[in-house]
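All remarks here apply to the structure that follows.
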Amino acid sequence: MKALYCQQNSPGEEMTFVFQERENLPPTRDNDVKVQVRACALSWIDTKLLSEIKLEKELLPVGREISGVVLEGILPLDSEESGLCEVILVHEHYLVRKPEKVCWVEAAGTVRDGVRAYTALHYLSQVSPGKTVLVMDGASPFGTIAIQLAQHRGAKVISTAYSLEDKQYLERLRPPVARVIDVSNGKIDVAESCLEETGGLGVDIVLDAGVKLYSAEDESTSKSQLLPHKHDIITLLGVGGHWITTEKNLQMDPPDSHTLFLKGATISFLNDEIWNLSNLQQGKYLSILEDIMEKLSSSIFRPQLDEPIPLYEAKVSMEIVQKNQARKRQVIQF
């Protein structure tokens, strides 16, 4: 059997993805489950994080969000298994049953974004009816699930759009988003729009997709130009609000901290691999996965997926994902 791996090159060089012929599966241990993979979602590999937690290897297995015959789940960060393989072994603690109404591609394609959305909205900010939630880049796979989960919990949702296509997509969501802020032309003030929408009170929960740390002229990429400045988020955050950030290098100056102190607001960090680095792995993690599958089955979650990709295109698709050039969740179908 062949499996896809990431091959790390010299510093500064782009990583490459290779198919490796793998030996037969090792003998099953207690609690191991053999899964015939039907679909595997592709996600960006944070090699710096893996190095920091001592999981860096010459060949890194690719693909951990899988669905398979009878069971589906996510492979732990320290797993030697590549999800892009016909048959793999998975510990039972990482598996939940897939409802019959949920297809293989949707099951695999919703796991990662679903767990991240639950972590952000339930464990880091306690979303509840009547709250106002701002989801940055709501047309992304993660943003789409976060919007639907917040609305299902009775929250009012505001979202930003990075293009006209994203704006049209968000306006078609049902139930509708309270307000879509199109930031693609750089002329709309996100903080002002949010304060206007909330009558000057500010939003209760912010899920960012990155922030500007410096002035506009210091930002090097076009995408960073679409991000709000950290001061804008502090301004639009309401009293007692929660800011959930994906910015790993966030720096807060004393005046910023003082403003958050006066508002009684909090900042939490949403690590993409949070379920692999905490106790979410087992008890809480399984209950989250089960709820995600239930919401998929009842059409509460409608993930933002690209067309299924055949296995022979996995290398090219993973290169696109690693360069952050995919706007929809990429899923390999066996």
Side-chain angles (χ1 to χ4, degrees), residues 1-6 17 19-20 22 25-26 28-29 31-46 55 59-118 141-142 145 272-276 280-282 285-286 288-297 301 303-315 317-318 321-322 326 328-334:
M1 294 183 294
K2 289 184 177 181
L4 188 65
Y5 292 85
C6 166
F17 298 93
F19 278 108
Q20 291 280 331
R22 56 171 298 171
L25 291 176
T28 56
R29 301 162 298 180
N31 305 116
D32 275 351
V33 177
K34 185 180 290 186
V35 177
Q36 182 179 5
V37 180
R38 292 294 183 86
C40 177
L42 303 180
S43 299
W44 184 74
I45 299 174
D46 190 341
L55 289 180
L59 289 175
L60 295 170
V62 172
R64 300 201 320 280
E65 303 108 79
I66 64 165
S67 62
V69 175
V70 178
L71 300 173
E72 65 81 31
I74 186 167
L75 302 185
L77 198 59
D78 59 355
S79 174
E80 300 287 340
E81 300 277 359
S82 165
L84 288 165
C85 188
E86 292 180 4
V87 180
I88 62 173
L89 293 179
V90 186
H91 193 284
E92 64 179 354
H93 287 166
Y94 297 101
L95 299 169
V96 297
R97 190 171 299 277
K98 180 185 75 65
E100 290 185 8
K101 292 181 180 180
V102 177
C103 72
W104 304 112
V105 171
E106 286 189 343
T110 311
V111 169
R112 184 184 188 87
D113 298 312
V115 174
R116 289 180 68 210
Y118 269 80
F142 168 65
I145 297 298
D272 283 359
E273 306 292 349
I274 187 65
W275 54 84
N276 285 296
L280 282 174
Q281 288 179 330
Q282 296 181 4
Y285 168 77
L286 285 178
I288 289 174
L289 269 185
E290 289 170 351
D291 205 34
I292 291 170
M293 291 300 113
E294 179 186 331
K295 286 178 171 52
L296 266 176
S297 181
F301 284 168
Q304 175 75 304
L305 305 179
D306 214 333
E307 291 296 320
I309 303 163
L311 182 59
Y312 64 83
E313 293 185 5
K315 285 173 58 177
S317 297
M318 191 60 208
V321 169
Q322 193 63 26
K328 296 182 180 180
R329 180 63 65 196
Q330 307 291 299
V331 181
I332 305 298
Q333 186 172 30
F334 288 76

Original post:
Do Met318 and Ile45 touch side chain to side chain, with heavy atoms closer than 4.5 Å?
Top reply: yes

Original post:
So do the side chains of Leu296 and Pro303 get within less than 4.5 Å of each other, counting heavy atoms only?
Top reply: yes

**OP:** Considering non-hydrogen atoms only, spot the tightest contact between Arg112 and Ser43 and give its length.
**Re:** CD-OG, 3.0 Å

**OP:** For the pair Val35 and Val87, evaluate side-chain contact (heavy atoms from CB on, under 4.5 Å) and give the outcome as yes or no after the intermediate values.
**Re:** CA-CA 6 Å; Val35 177; Val87 180; over 6 Å; no

Subject >> Donor-acceptor pair, side chain of Arg329 and main chain of Leu42, under 3.5 angstrom >> reply: yes

Original post:
So how far is it from Asp113 CG to Leu305 CG, rounded to the nearest 0.5 Å?
Top reply: 8.5 Å

Original post:
How many angstroms lie between CD in Glu290 and NZ in Lys98, if you round to the nearest 0.5 Å?
Top reply: 15.0 Å

**OP:** Side-chain contact test, heavy atoms from C-beta onward, threshold under 4.5 Å: evaluate it for Val105 versus Gln333 and give yes or no.
**Re:** yes

Original post:
What pair of heavy atoms forms the shortest contact from Gly63 to Cys40, and how long is it?
Top reply: CA-SG, 3.5 Å

**OP:** Check Gln330 against Lys328 and note the closest heavy-atom contact, atom names and distance.
**Re:** NE2-O, 3.0 Å

Subject >> Within-4.5 Å side-chain heavy-atom neighbours: Ile88 and Val37 >> reply: yes

Original post:
Got a second to check how far Ser317's OG is from Leu84's CG, nearest 0.5 Å?
Top reply: 9.5 Å

Original post:
Distance from Asp46 atom CG to Gln322 atom CD, nearest 0.5 Å?
Top reply: 8.5 Å

Subject >> Which atom of Ile145 lies closest to which atom of Gly114, heavy atoms considered >> reply: CG2-CA, 3.9 Å

Original post:
With a 4.5 Å limit on heavy-atom distance, are the side chains of Ile309 and Val331 in contact?
Top reply: no

Original post:
Any donor-acceptor pair under 3.5 Å linking the side chain of Glu106 with the backbone of Trp104?
Top reply: no

Original post:
Taking C-beta and beyond as the side chain, do Leu311 and Phe19 meet within less than 4.5 Å on heavy atoms?
Top reply: yes

Subject >> Neighbour count above 12 (heavy atom, 6.0 Å) for Gln20 CD >> reply: yes

Subject >> Close side-chain approach of Val62 to Phe17, heavy-atom, < 4.5 Å >> reply: yes

